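Written below as structure tokens is the structure these notes are about.
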Amino acid sequence: MSPGSGLMMLGEITLGHYLALSGLLFLVGLAGVLLRRSLLIVMMSLELLLNAANLALVAAARFKGIPDPQVAVFFVITVAAAEVAVGLAILVAIFRLKKTTSAEDFAALKF
Amino acid sequence: MTAVAGDLTSRNPRKITRMEQFFFWSLAVGLLAAATAVVTLRNPVTNAVCLVVALVFQAALFITLEATFLAAVQVIVYAGAVMVLFLFVIMLLDVKAEARRPIPWPKVAAVLVGAAAVVAGVPKLVAAFPAAREPLRWSAQSTPFGAKELGALLFTSYAPLFLATGVLLLVATIGVVVLCRRDPGS
């Protein structure tokens with residue numbers, strides 16, 4: 001047994017490893033979106049969801065040896081930046097009206 | 001990075017495999033820990049800082065996948081610009097740490113059941129694609145995609161999308177200014 005054989009027993013890193021990590025990250029983010037009340041935290045969890053998708057795309061690009069998925073990731077990052085800007089602007093506008101960022105207090109459109 | 005990796009591969013394939021494993025597992029654990037902290041902690045500033053940590057871990061994972069340009073973009077745009085935006089809003093709104101409230105057990109249980117279903121499904125999914133079990137080795141042969149390759153694609157095949165992104169950013173900027181004006185009437 002050579003040193004570091006403990007790591008060797010885990011097997012070589014495959015595309016499946018990256019996809020599983022991406023799935024787990026998506027789950028963590030989804031739990032945040034579903035369970036948290038603070039809209040700020042919900043938006044941070046949305047970023048985690050986008051990042052999980054990005055990780056899967058980059059792993060696919062590496063696996064297939066093509067750069068196209070990386071271009072998609074580039075667009076996702078751009079759109080995410082725009083989404084955060086607009087989302088936070090809405091949050092600021094809503095905070096001025098209601099003095100809170102908790103999702104429970106924004107139920108005006110609920111039936 | 002590829003040159004170094006190629007050098008190592010020719011010298012000692014076992015060593016490079018161990019290095020890959022070390023980087024993947026440590027970065028994966030760090031990323032998931034930071035993400036969990038984002039979702040569970042209560043002070044918004046702590047959440048934002050944990051999100052920065054998670055994004056940096058993700059950038060490091062991009063480097064292990066030889067996406068060096070995207071790693072740089074990730075740090076500059078996400079960990080830099082987007083997180084500054086978040087922190088600014090947290091400071092501006094003077095958001096207090098969320099008050100403790102009873103944990104919504106039915107919802108937590110629902111999320112855990114969903115998580116268990118997905119975790120159980122992933123091995124099946126991987127088993128369905130035999131190719132997904134082939135090792136992704138760092139090698140001298142693989143081509144890293146840097147700014148040059150991505151730029152060439154962006155300005156040829158994806159040029160219309162690239163222009164549309166510009167319009168999107170402009171619309172978003174105008175939208176933010178309109179949304180945050182003090183007196184929308186004038």
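All values reported here derive from a predicted model rather than from experimental measurement. A, B, ... follow the sequence lines: proteins, then strands. Residue 1 opens every chain.
Taking the six-membered ring for Trp and the full ring otherwise, the centers of Tyr18(A) and Phe24(B) sit less than 6.0 Å from each other.
Atom NZ in Lys148(B) sits 13.0 Å away from atom CG in Leu153(B) (nearest 0.5 Å). Taking CD of Glu47(A) as the reference point, atom CD of Glu83(A) lies at 5.0 Å (rounded to 0.5 Å). Once rounded to the nearest 0.5 Å, the distance linking CG of Leu27(B) with CG of Leu21(A) reads 9.5 Å. Rounded to the nearest 0.5 angstrom, Met44(A) CE and Leu49(A) CG are separated by 14.0 Å.
Using a 4.5 Å cut-off between heavy atoms, Leu154(B) contacts chain A through its side chain alone, with no backbone atom that close. Only the side chain of Leu32(B) comes within contact range of chain A, with heavy atoms under 4.5 Å apart. The parts of Tyr158(B) that come within reach of chain A are both its backbone and its side chain, each placing non-hydrogen atoms under 4.5 angstrom from that chain. For chain A, the nearby parts of Val38(B) are the backbone and the side chain; heavy atoms of each come within less than 4.5 Å. Neither the backbone nor the side chain of Val42(A) has a heavy atom closer than 4.5 Å to any heavy atom of chain B. Only the side chain of Leu51(B) has a heavy atom closer than 4.5 Å to any heavy atom of chain A. Only the side chain of Val89(B) comes within less than 4.5 Å of a heavy atom in chain A; its backbone stays farther off. Both the backbone and the side chain of Val39(B) come within less than 4.5 Å of a heavy atom of chain A.
In this structure, Asn47(B) and Arg36(A) approach most closely via the heavy-atom pair ND2-NH1, 4.4 Å.
Taking chain A as the reference chain and counting heavy-atom pairs below 4.5 Å, the highest number among Leu31(B), Leu92(B), Val177(B), Val73(B) is found for Leu31(B). Note on Val86(A), Asn51(A), Val33(A), Val73(A): by heavy-atom pairs under 4.5 Å with chain B, the leading option is Asn51(A). Top candidate by heavy-atom pairs under 4.5 Å with chain A, chosen from Ala54(B), Cys50(B), Ala67(B), is Ala67(B). With chain A as the partner, the residue from Ala110(B), Ala81(B), Ala115(B) showing the most heavy-atom pairs under 4.5 Å is Ala115(B). Your options are Leu35(A), Ile90(A), Asn54(A), Val92(A), and the one with the most heavy-atom pairs under 4.5 Å with chain B is Leu35(A). Contact count versus chain B (heavy atoms, under 4.5 Å) is highest, among Ile66(A), Leu91(A), Leu30(A), for Ile66(A).
Counting only distance, with no hydrogens or angles, the side chain of Arg62(A) and the backbone of Leu57(A) share no donor-acceptor pair below 3.5 Å. Ser22(A) places no side-chain N or O within donor-acceptor distance of the main-chain N or O of Ala53(A), the cut-off being under 3.5 Å.
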Show me the side-chain donor-acceptor pairs of residues 162-174 of chain B shorter than 3.5 Å, one per line, residues at least two apart or across chains.
from: Thr165(B); atom 1: OG1; to: Leu161(B); atom 2: O; distance (Å): 2.7
from: Thr173(B); atom 1: OG1; to: Leu169(B); atom 2: O; distance (Å): 2.6

